[in-house]
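Below is one structure; the comments refer to it alone.
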Protein chains: 2
Amino acid sequence: MNLRAIKPPHETRTRILDAAEELFMQHGFEATSMRQLTAQAGANLAAVNYHFGSKDALIEAVFRRRLDAMNAARIAELDRMEKDAGARALSPRQIIGAFVGVSLRMIEDSKSGGRNFIRLLGRTYSDPQKPIRALIGQLYAPAMERFKAAFERALPQMPRDELIWRMHFMFGTLAYTLAATDTVQLIAGCKPEDRYDARLLEARLTAFLHAGLLAPLHDSADVKKAA
Amino acid sequence: MNLRAIKPPHETRTRILDAAEELFMQHGFEATSMRQLTAQAGANLAAVNYHFGSKDALIEAVFRRRLDAMNAARIAELDRMEKDAGARALSPRQIIGAFVGVSLRMIEDSKSGGRNFIRLLGRTYSDPQKPIRALIGQLYAPAMERFKAAFERALPQMPRDELIWRMHFMFGTLAYTLAATDTVQLIAGCKPEDRYDARLLEARLTAFLHAGLLAPLHDSADVKKAA
DNA sequence: GTCTATATGTGGATAGAC
DNA sequence: GTCTATCCACATATAGAC
């Protein structure tokens, strides 16, 4: 009924967020100009400042839109599994499943832009810009604490600092995999039809992470003595 | 004896490369301006274009300066180990050692800027800009092929595509660890004195990667059937 | 809410003296 | 090789009409 029916079927605000998600993922934050962005969104240049206030605020909005829901989903899955398990502790594999499953399922969701966001997120974990990393860290902190607690219950015999490092490694593997899977040359050697098969990737990734998490402890006493 | 004694003790060209390494690592490529960069190097703004031709060429020079030597060192270590082993195949652990050892030893070398470079490298693996990734991929390709061949000899029973993915995961873990170790909030929980202990980090990382590489094969037939 | 026009700053790059 | 001064493109952001 209104004039907006001519434009793509979203609010301007949403179209800008979608365009930003895609362009930030493709070119990075700095290399994406408001002109490109608003052109792709079918919006006016001034619309970004009207709706978000500034480019930095837009970046923040892009992450807030999806990250809260994502982390809530992860935590809800942990909660559900713990309820099912009753008094028994969750297995490490279950926890890993909750950790990677949400991300990987979003990758299959190419229609709604979830894939763009997931890959953007993977890239941003290692973004050099301090305010951006601080934002991500802040949005992630609650889920991180929740997963740390779950792993501590599942692996009571593992030293705390070792667990933290192994979580760090797992997180890195996931982030890098999400960010670089379709671009790194190494992967050119694998079958193309497997590249976007999230189910297969999840099986591969889970096997790798699970083994790494449960790796025999190195003799850190030896290492420290030698140092 | 000459006037340069007043300036830092290097050629202008070298000082520019050092400053670029540090600033690119701290702020990224786009966010680092030639003005900042030349100021830090104690050089004139025009010097970058005189010595390198353009900012992009400078970026390329920063990587070329160290990456060729790094990969040559990795390959040399593989060669040496294979010679020592004679007819026996190398163990996966030895190959991993050659892979991560070179990077991690450079992290301890804070004096000569090696640490800056290593962290810059970790960040750049997931840089969104195509030409930069292409450059890295090109500089890395020979070493990658060499390591792939070594792993194939060490693990003849592992399917090729599974090996490629596991190398990808290992590479990602290393890259992310190098890039984000001192900044990610998660790590704030660990003992500060351990954070830069390369020997300890190497032990932790090697244990994780080794276990991941040798993880039991997931039943990919099941996964494919279900898909 | 959306548009045009513009203010204001900064970027990379270069010309030409020294 | 190094410097100053400058060109020019493009960035973000805003003012003010519609």
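We use all heavy atoms of the structure for the numbers below, so side chains are in, but hydrogens, waters and symmetry mates are not. Chain identifiers are assigned alphabetically (A, B, ...) following the order of the sequence lines, protein sequences preceding nucleic acid strands; residue numbering begins at 1 within each chain.
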Exercise for review: Identify which nucleotide among D:dC3, D:dT2, C:dA13 has an atom closest to any side-chain atom of B:Thr12, counting heavy atoms from C-beta outward.
Suggested key: D:dT2
Practice item. In plain terms, say whether A:Glu11 and A:Arg15 are close enough for a salt bridge, that is, a side-chain N and a carboxylate O under 4.0 Å apart. Key: no
**Study point:** Whole-Å gap separating P (D:dT2) and CD1 (B:Ile16)
**Key:** 8 Å
Practice item. Using whole Å, report how far CZ of B:Arg35 lies from C1' of D:dA5. Key: 11 Å
Point to revise | For atom OH of A:Tyr50 and atom P of D:dG16, their distance in whole Å | key: 17 Å
Practice item. Return the nearest nucleotide to the side chain of B:Ala46; candidates are C:dA15, C:dG12, C:dT2. Key: C:dA15
Review point. So, does B:Gln40 use its side chain to make a donor-acceptor pair with the main chain of B:Leu37 at under 3.5 Å?
Key: no
Exercise for review: Just call it for B:Ala47: base, sugar-phosphate, or nothing, with non-hydrogen atoms closer than 4.0 Å on any strand.
Suggested key: nothing
Review point. C:dG12 P sits how many Å from B:Phe29 CZ, rounded?
Key: 14 Å
Review point. Do A:Arg74's NZ or CZ and the ring of A:Phe99 fall within the cation-pi criteria of under 6.0 Å and 45°?
Key: yes
Review point. 5'-most contact on DNA chain C: A:Leu45 or B:Lys55, nearest heavy atom basis?
Key: A:Leu45
**Study point:** Integer-rounded Å distance: D:dA11 P and A:Ile59 CD1
**Key:** 15 Å
Exercise for review: Classify the nucleic acid contact of B:Thr38 as base, sugar-phosphate or nothing, counting any heavy atom under 4.0 Å across all strands shown.
Suggested key: nothing
Check your understanding: Any salt bridge between B:Asp18 and B:Arg13, counting N to O under 4.0 Å?
Key -> no
Exercise for review: Report yes or no: is the cationic atom of B:Arg204 (NZ for Lys, CZ for Arg) under 6.0 Å from the centre of the six-membered ring of A:Phe169, at an angle within 45° of the ring normal?
Suggested key: no
Check your understanding: Rounding to a whole Å, what distance do you find between B:His51:NE2 and C:dA13:C1'?
Key -> 16 Å
Exercise for review: Mind calculating the distance between CE (B:Met34) and P (D:dT4) to the nearest angstrom?
Suggested key: 16 Å
Point to revise | A:Asn49, nearest nucleotide to its side chain (from D:dT14, C:dA13, D:dG1) | key: D:dT14
**Study point:** Between C:dG16 (P) and B:Asn44 (CG): distance, integer Å
**Key:** 17 Å
Check your understanding: Would you say D:dA11 has OP1 or OP2 under 4.0 Å from some side-chain N or O of A:Ser33?
Key -> yes
